[in-house]
Structure formats: C-alpha cells, structure tokens
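Structure record follows, encoded as structure tokens.
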Amino acid sequence: AATLRARLAQGGVAAVHDAGLWLPSNHAAAAEARRAGVPLVVSPRGMLEPWALGHRAWKKAIAWRLFQRRDLTGAALLHATSSTEEENFRAAGLRGSVVVAPNGVDFPPELPLRPIRTPPPRTALFLSRLHPKKGLTDLAAAWNEARPPGWRMVVAGPDEGGHRTRIEATVRTLGIADQWEFTGPVNGARKWELYAAADLFVLPTHSENFGLVIAEALAAGCPVVTTRGAPWPGLAEHACGWWIEPGWEALAASLREACALPDAARRAMGARGAEWVRREFTWESAATLLGAAYDQLPAPVR
C-alpha cells in the first residue's frame, strides 16, 4: 500500500489496473486508487467463477462483506476474459461497466511437425497446474473406464499442495500407472514440443475464466477435450474439439470417441482449431479491446 501510495502521489497515473481478488494487496490497490481519485480497473481472473467461490467459501464470504464487494462495485471497469465470466460478474450482483477481452496467445514462430504414428502409442496430454480444480481425479476415473487401446496419458505441470502424489496413488490403485507419465513443470520450447507431439489435449477442469492452455493446444494444431467449466463453446462450433459436462462419465465417452477417430480426422480438427485461434486470439486484438476500454475511463480527480 505504501509503495502504491507513493507512486500515485507523483501524479501522471490514468488508472490502477489490479488482477485478482480476496488478498490484502487487492484491497490495498482499491483503497489507494480511491484515495488518489484514480479510476480502478479489476481483472478478477476467474475468482468469481462458481467453483472458485465455493473453494474456501467461508473465508471469501468474510472478505466479501469486509471489503471485496465495495472494492468491486467502486471499480470504474471490470475486465472479463469471456462472456461466461461476465455472466458470473452479474450473478455476483455487480452492475458496473465490463469489457470482455480474451487473453492473447503466444504463437511460436515454428512448431515441430506432428509425427505420423505407425505403430502406436498415441498421446493424450494434460498440461496445467496439478490442483483439484483441474479435474485430474475425473481424468483418472475416465481413463480407467475407457482404457483407449494404443494410447498413453502425459500429465505435465507444477504440483500444488501434494496433489500429484494423490493422483499417482489413484492411477496405481486403478491399475493404469503403466499408461500414465508425469513430467513435472514444463516451459518454453519443451512446452511447445509436448503440444506438437500430442494427438489430443485434455483439460477436465471444474472452473476456468479463460483456459490459456486450451488456446495454446489449439494453436499447436491439437484437438481439445474440455468441460463446460471452461468457456470454450467454440470447440464444438468450429469442429475442433469436445465441450462436455463435467464428470468422469462424460469424459470417458469423449475419450472413447476422440481416441477411436482416424489420425487424419484428428489432424483436420487440429488444423481448424489452429486457424480459429490464430484469427481471433492474438495479443493485438486483446490490446485493441482493452485500449478502447481504457479510453472510456473517467479522468482522474485532481
């Protein structure tokens, strides 16, 4: 708070744009913006999604009453990354101005060619935080039910709170550990190599405000299976993936369908997804939307 107060006192600040909710630092940003008479912009980043609100709900209920509702209703602008996230703002009782601007996607200049696989195995990829919200328990149950012949599951991403240990124990208990590989965190070129080598991307999440890994997988030409917890109805509209109800049963059915397709059919789905994402999810388009919204902010109170 003191650092922000000192910077605002220097003048020349047109807005304070804060990301996230619930933390003392978020409240400090709102309080100091009010003190300085500077418009506040808030990007909740999925923290008003139903699953997120239900996680440690009692703490959030206290914070909502103490400061969070006032801070959000006093913001000059809220930033949503999807129309679904905007709907959740309204469901929370927020009636102020909202700009919907999706995240931009970084596209590598050149991806490795997706290999022609003769013989199997084919690869399904999960790449995200290893956290209960991401649905890995459902994925293990669905994989056990479907057991797609000639396929393996690669799980990449950082462990949070020991969740990897619990999932590894689950896949051993189910007898599918020989089909699963855990790589740990991946970044940079290694991340894009995993996308390019995968035949299918799976994110059985309970809640996402955007789901950047979905956009990245599509950009890499990989068809996607994800749940309605992620705001990606375009997967069905653009015929580049499966947008399903949460839960292991629907996931098992989608895995059977996706893994049974001919390689050429999955490649065609991936190509459609790459074209869609590269057309609509660039950093330039995101910046244009946010810049236009900034231009409409009220002037700071001098």
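Predicted, not measured: the structure shown is a model, and the values here were computed from it.
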task = Could you check N88 against E49 for side-chain hydrogen bond (donor to acceptor under 3.5 Å, both in side chains), going step by step and ending with a plain yes or no?
result = CA-CA 6 Å; N88 288 324; E49 303 301 292; 2.9 Å; yes
task = Would you please say whether a donor-acceptor pair under 3.5 Å links the side chains of Q179 and W143?
result = yes
query = Between the main-chain N or O of C240 and the side-chain N or O of R272, is there a donor-acceptor pair closer than 3.5 Å?
reply = no
inquiry  = Walk me through whether R122 and D263 qualify under side-chain contact (heavy atoms from CB on, under 4.5 Å).
reply    = CA-CA 9 Å; R122 273 71 174 163; D263 290 344; 2.4 Å; yes
Qualifying residue, where the test is side chain to side chain contact (heavy atoms under 4.5 Å, CB included) with T226 and the options are I244, I214, V213 = I214
inquiry  = Measuring from atom CG of D159 to atom OG1 of T165, what distance do you get when rounded to the nearest 0.5 angstrom?
reply    = 6.0 Å
inquiry  = Any side-chain to backbone donor/acceptor pair from S43 onto R45? Under 3.5 Å, distance only.
reply    = no
key: Closest non-hydrogen atom pair between L194 and A156, with its separation   = CD1-CB, 3.9 Å
task = Check the hydrophobic clustering (I, L, V, M, F, W, Y; side-chain heavy atoms under 4.5 Å; chains of links allowed) and say if V41 and V38 are grouped together.
result = no
Electrostatic pair K191:E216 at N-O distance under 4.0 angstrom = yes
task = If a pair satisfies salt bridge (Lys or Arg N to Asp or Glu O under 4.0 Å) and one of its residues is in residues 202-213, list it, with sequence neighbours excluded.
result = K134-E208
request  = Taking the six-membered ring for Trp and the full ring for Phe, Tyr or His, determine whether the centres of W232 and F281 are under 6.0 Å apart.
outcome  = yes
key: Whether K60 side chain and A52 backbone form a donor-acceptor pair below 3.5 Å   = yes
query = Can you check whether P44 reaches F89 side chain to side chain, under 4.5 Å on heavy atoms?
reply = yes
query = Do R190 and N187 have side-chain N/O donor and acceptor atoms under 3.5 Å apart?
reply = no
request  = Can you establish whether the number of heavy atoms outside R65 located under 6.0 Å from its atom CZ is more than 12?
outcome  = no
key: For L203 against F126, the heavy-atom pair lying closest together   = CD1-CE1, 3.8 Å
Hydrophobic cluster identity match, I176 and V202, side-chain contacts under 4.5 Å = yes
ask   = Is the closest side-chain donor-acceptor distance between W242 and E257 under 3.5 Å?
value = yes
key: For the student: nearest non-hydrogen atoms of A29 and L4, plus distance   = CA-CD2, 3.6 Å
ask   = Considering all heavy atoms of both residues, which atom of W51 and which atom of H131 are nearest to each other, and what is their separation?
value = CH2-CE1, 3.7 Å
request  = Could you give me the CA-CA distance, side-chain angles and deciding distance for L130 and I167, then say whether side-chain contact (heavy atoms from CB on, under 4.5 Å) is met?
outcome  = CA-CA 9 Å; L130 275 59; I167 298 303; over 6 Å; no
request  = Kindly say whether E85 contributes a backbone atom to a donor-acceptor pair with the side chain of N209 at under 3.5 angstrom?
outcome  = no
key: side-chain contact (heavy atoms from CB on, under 4.5 Å) between L21 and L72, worked out   = CA-CA 9 Å; L21 305 179; L72 288 171; 3.8 Å; yes
key: Backbone of A19 reached by a side-chain donor or acceptor of N26 within 3.5 Å   = yes
Donor-acceptor contact present, side-chain E145 to main-chain A141, <3.5 Å = no
task = Could you tell me whether a side-chain N or O of R266 sits under 3.5 Å from a main-chain N or O of L261, the two making a donor and an acceptor?
result = yes
Least distance between heavy atoms, H206 atom then D138 atom = CE1-OD2, 3.6 Å
query = How far apart are the C-alpha atoms of W283 and D106, what are their side-chain angles, what is the distance that settles it, and do they pass the side-chain hydrogen bond (donor to acceptor under 3.5 Å, both in side chains) test?
reply = CA-CA 8 Å; W283 279 110; D106 289 318; 2.9 Å; yes
task = Might you point out which heavy atoms bring R147 and N144 nearest each other, and give the distance in Å?
result = NH2-OD1, 2.6 Å
ILVMFWY network linking V105 to Y195, side-chain heavy atoms under 4.5 angstrom = yes
Heavy-atom donor-acceptor pair, W192 side chain to F107 backbone, under 3.5 Å = no
ask   = Between the main-chain N or O of T282 and the side-chain N or O of R278, is there a donor-acceptor pair closer than 3.5 Å?
value = no
Donor-acceptor contact below 3.5 Å, side chain T123 vs main chain R152 = no
